[in-house]
Amino acid sequence: MAKKYWLMKTEPSSYSITDLANEKKQTTCWDGVRNYQARNFMRDEMKIGDSVLLYHSNAKPPAVVGTAVIVRESYPDFTAWDKNSKYFDPKSSQTEPRWFMVDIQLDQTFAEPIALDALREVKALDDMVLLQKGSRLSVQPVRKKEFDTILKLAGRKK
DNA sequence: GCCAACGTTGGC
DNA sequence: GCCAACGTTGGC
């Protein structure tokens, strides 16, 4: 199976790329996803070694801030079972888990975040899911061409 | 803080 | 299975 590319959103006020950088082994479980489409991508399609763009939403400015890799494939999101978690979902049981997550490890933090505005100016990114009107999927596929384009932008000297 | 665009829920 | 009401996302 060919390597796939993804984009995962997070609000830096709740969990930022800096938080990821400070984790043991710079690895974390991507918990709290409560959208079926996003869940399906994590549960069914993400494989170890796939690359991920990390995106800060509700940030100033909203931007792609770095990359990560999948280091553990889907397993039940146990926060759904925890009554004290804000991600608690009484409809998810141990025997029939409703929500899943993967583990990701930080790959690189971009020296300069690539702002949403800048992404919109790049022709090669016109079809990116992130840039489509009304798109708010928190876990979404990215084309290799798009991933490579963004890496190139990140590497460009200012 | 506003609000457009989506997604989910639940009555019927 | 429709759809109105409600809740959430996320840029601005």
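These numbers come from a predicted model, not from an experiment. Residue numbers start from 1 in every chain, and the chains themselves are labelled A, B, ... in the order their sequence lines are given, proteins ahead of strands.
- Less than 4.0 Å separates DNA chain C from at least one heavy atom of each of the following residues of residues 54-64 of chain A: Y55(A), S57(A), N58(A), P62(A).
- Residues of residues 122-136 of chain A that place a heavy atom closer than 4.0 Å to DNA chain B, in numerical order, are K133(A), G134(A), R136(A).
- Here salt bridge (charged side-chain N to carboxylate O under 4.0 Å, His left out) pairs that include residues 83-102 of chain A, with residues two or more places apart or in two chains, number zero.
- Partners of R143(A) by salt bridge (charged side-chain N to carboxylate O under 4.0 Å, His left out), not counting sequence neighbours, listed by chain and number: E146(A).
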Donor-acceptor list for residues 114-124 of chain A side chains, cut-off 3.5 Å, not counting sequence neighbours:
unit_1, atom_1, unit_2, atom_2, d
R120(A), NH1, L131(A), O, 3.4

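- Sorted by first and then second residue, the ring pair (Phe, Tyr, Trp, His ring centres under 6.0 Å) pairs with a member in residues 112-151 of chain A read Y5(A)-F147(A); sequence neighbours excluded.
- For residues 38-82 of chain A, the pairs satisfying ring pair (Phe, Tyr, Trp, His ring centres under 6.0 Å) are W6(A)-F41(A), with sequence neighbours left out.
- By the 4.5 Å side-chain criterion applied to Ile, Leu, Val, Met, Phe, Trp and Tyr, W99(A) is assigned to a cluster that also includes Y36(A).
- Both V65(A) and I70(A) sit in one connected hydrophobic cluster of ILVMFWY residues. Membership requires side-chain heavy atoms under 4.5 Å apart, directly or through other members.
- Take D126(A) and apply the salt bridge (charged side-chain N to carboxylate O under 4.0 Å, His left out) test, not counting sequence neighbours, and it matches no residue.
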For residues 9-17 of chain A, which side-chain N or O atoms pair as donor and acceptor with protein atoms under 3.5 Å away, sequence neighbours left out?
unit_1, atom_1, unit_2, atom_2, d
K9(A), NZ, L137(A), O, 3.3
T10(A), OG1, Y15(A), O, 2.6
E11(A), OE1, N58(A), ND2, 3.4
E11(A), OE2, N58(A), ND2, 3.2
S14(A), OG, E11(A), O, 3.0
Y15(A), OH, E23(A), OE2, 2.7
S16(A), OG, T18(A), N, 3.2
S16(A), OG, D19(A), N, 3.2
S16(A), OG, D19(A), OD2, 3.4

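- Sorted by first and then second residue, the salt bridge (charged side-chain N to carboxylate O under 4.0 Å, His left out) pairs with a member in residues 26-38 of chain A read R34(A)-D77(A); sequence neighbours excluded.
- The footprint of chain A on DNA chain B, defined by a heavy-atom cutoff below 4.0 Å, extends from dA5(B) to dT9(B).
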